[in-house]
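Quantities reported herein were computed from a predicted structural model and do not represent experimental measurements. Note that ligands are numbered from 1 as they come in the structure, with each ligand's atoms numbered from 1 the same way. Atom set for the values below is all heavy atoms of this structure, side chains included, hydrogens, waters and symmetry mates excluded.
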Amino acid sequence: MLIVQKYGGTSVGSIERIKAVAERVVSTIRQGNQVVVVVSAMSGETDKLIGLAKSVSSNPSDREMDVLLSSGERVTTALTAMAIASLGQRSIALTGRQAGIMTDNLHTKAKIEKISPEKIKKSLFEGYCVVLAGFQGITESGDVTTLGRGGSDLSAVAIAAAIKADVCEIYTDVDGVYTADPNIVPNARKLDRVTFEEMLEMASLGAKVLQTRSVEFAIKHNMPIIVRSSFNNNPGTLVTKEDKDMERVVVSGVAYDKNQAKLTVMKVPDKPGIAAKLFSAIAGANINVDVIVQNVSSDGSSADISFTVPKADCNKALQFAEQAAKDLGAKGVAIRDDLAKISIVGVGMRTHSGVAAEMFDALAKHGVNILAISTSEIKISCLIEAKYTELAVRVLHEHFKLDLAN
Ligand code: ASP
Ligand code: MG
């Protein structure tokens, strides 16, 4: 088999860990596989580099940030290749540039545009284990770029698709994808399989095992992913295309995100075009709006429009919303940043009714008030007070019996 193995920060977090990675890679090769390794920087390294940049400049340029940040992965790539070679396996370290990873020029959050995998393929053919630096690429004009935090997952999936690997293994410090955060729910269960769509929802709803963009990429290229631990030999979670068996599961997991702020534009005149004006102002500021609720007053003359944004964007969103409120003749903007979004995800929701009612009922029984709701085909999210997050996760996990395999 042709396998891409990606090792995250904790998996290469020390010399001992790097040696352990080398052992695993070499044993995979000795079982008759070809392996391309993608590594993250050592854990904490990227944050450390960001700290260094801030200590010399309050506003470092994104281009220089990328030159700096890409150095973390360069270190682990070389060390991992050396450790593999010292076990008697030919090995070659490649930076993003050397691996042919071309991106656009949006520094610090670049998108992969094209991969020219000739050098990777040639090295594999010659019997080398190829060790690639994750999280980085290069623009057409030769500048180094990085792919956004957690971007090594994306590097791994993109490389796997480019060389038509059989599978992309993502090694981390947990055993796979869980029904809920095991730190909150002690009897959370590791899932053997999860569909691409469920994984995408879970990742974007706050589950941290996989970067959201990497899952989008996997869907597009139908690249199966296995999330597993580099600290043991447990089989992990397979992220893959849906099949009949998987559809039977109504709820697969509970996710939460404490990083939500809610803005309410009060007493907006209720007439056509108002929401369009408000949200195009927010979108123009490059802020992602999530849950939206509109309440029209009983006499129908005005409405309150509430929406959520990531906490990090809330001051910027407030500025734009206040301006829009003025322009639209609204009364003003109120803000709350003590909220969390709690979600249940499962492909079986498409064919089962009444799941939403059950969720609301379970929360109500424990006195958790719901401030807003949003749904998609395979998820239901409720906005609640952040202080109830842990309670709500446990209640929903228990209500839907997620600790039991189905
Ligand atoms: N080192 C980068 C980060 O910490 C990329 C990654 O680990 O995936 O975000
Ligand atoms: Mg990661």
Side-chain angles (χ1 to χ4, degrees), residues 4-14 17-18 21 36-54 60 62 64-80 93-97 99 101 103 106-112 115 131-138 144-160 168-178 181 183 199-200 202-218 225-231 236-237 239 255 257 259 310 312:
V4 171
Q5 296 190 333
K6 180 257 170 178
Y7 293 92
T10 48
S11 298
V12 291
S14 67
R17 294 302 314 154
I18 289 177
V21 164
V36 172
V37 181
V38 176
V39 286
S40 288
M42 294 168 93
S43 53
E45 194 56 32
T46 306
D47 288 329
K48 203 166 102 195
L49 294 169
I50 293 172
L52 286 176
K54 288 198 174 133
D62 286 344
E64 275 56 46
M65 275 313 277
D66 279 350
V67 175
L68 179 69
L69 296 188
S70 61
S71 69
E73 272 70 12
R74 211 176 162 119
V75 170
T76 42
T77 304
L79 292 176
T80 305
L94 300 178
T95 62
R97 174 199 304 266
I101 300 174
T103 72
L106 265 178
H107 284 287
T108 75
K109 43 181 175 300
K111 292 210 165 62
I112 295 179
I115 296 181
V131 186
L132 300 172
F135 178 55
Q136 57 182 264
I138 188 161
V144 179
T145 48
T146 62
L147 309 176
R149 297 310 301 269
S152 297
D153 292 342
L154 177 61
S155 306
V157 176
I159 292 284
C168 180
E169 297 182 338
I170 304 276
Y171 284 92
T172 178
D173 52 5
V174 292
D175 275 2
V177 182
Y178 280 77
D181 183 345
N183 296 314
M199 191 66 239
L200 183 61
M202 288 186 199
S204 60
L205 293 169
K208 286 176 194 72
V209 281
L210 281 177
Q211 189 220 30
T212 308
R213 272 169 63 195
S214 71
V215 185
E216 288 168 352
F217 210 96
I225 298 177
I226 295 175
V227 180
R228 56 188 297 199
S229 170
S230 71
F231 292 76
T237 301
V239 187
D257 177 4
N259 193 23

From Lys6, Gln211, Gln136, Glu73 - option closest to atom 1 (N) of ligand 1 by heavy atom: Glu73

Over all atoms of both residues, closest heavy-atom pair of Asp173 and Ser229: C-OG, 4.4 Å

Proximal atoms of ligand 1 relative to Ser40 (non-hydrogen, under 4.0 Å): 6 (C), 7 (O), 8 (O)

Which residue and heavy atom of the protein sit nearest atom 3 (C) of ligand 1, plus the separation: Arg149 NE, 3.4 Å

Heavy-atom side-chain proximity of Tyr171 to Arg228 below 4.5 angstrom: yes

Check: Gly150 N/O within less than 3.5 Å of ligand 1 N/O: yes

Side chain proximity check, Met202 to Val209, heavy atoms < 4.5 angstrom: no

Heavy-atom side-chain contact between Thr145 and Asp66 under 4.5 Å: yes

Which of the ligand 1 atoms, numbered from 1, are nearer than 4.0 Å to a heavy atom of Ser152: 5 (C), 6 (C), 7 (O), 8 (O)

From CA spacing to verdict: side chain to side chain contact (heavy atoms under 4.5 Å, CB included), Met65, His107: CA-CA 8 Å; Met65 275 313 277; His107 284 287; over 6 Å; no

4.0 Å heavy-atom contact, Gly151 with ligand 1: yes

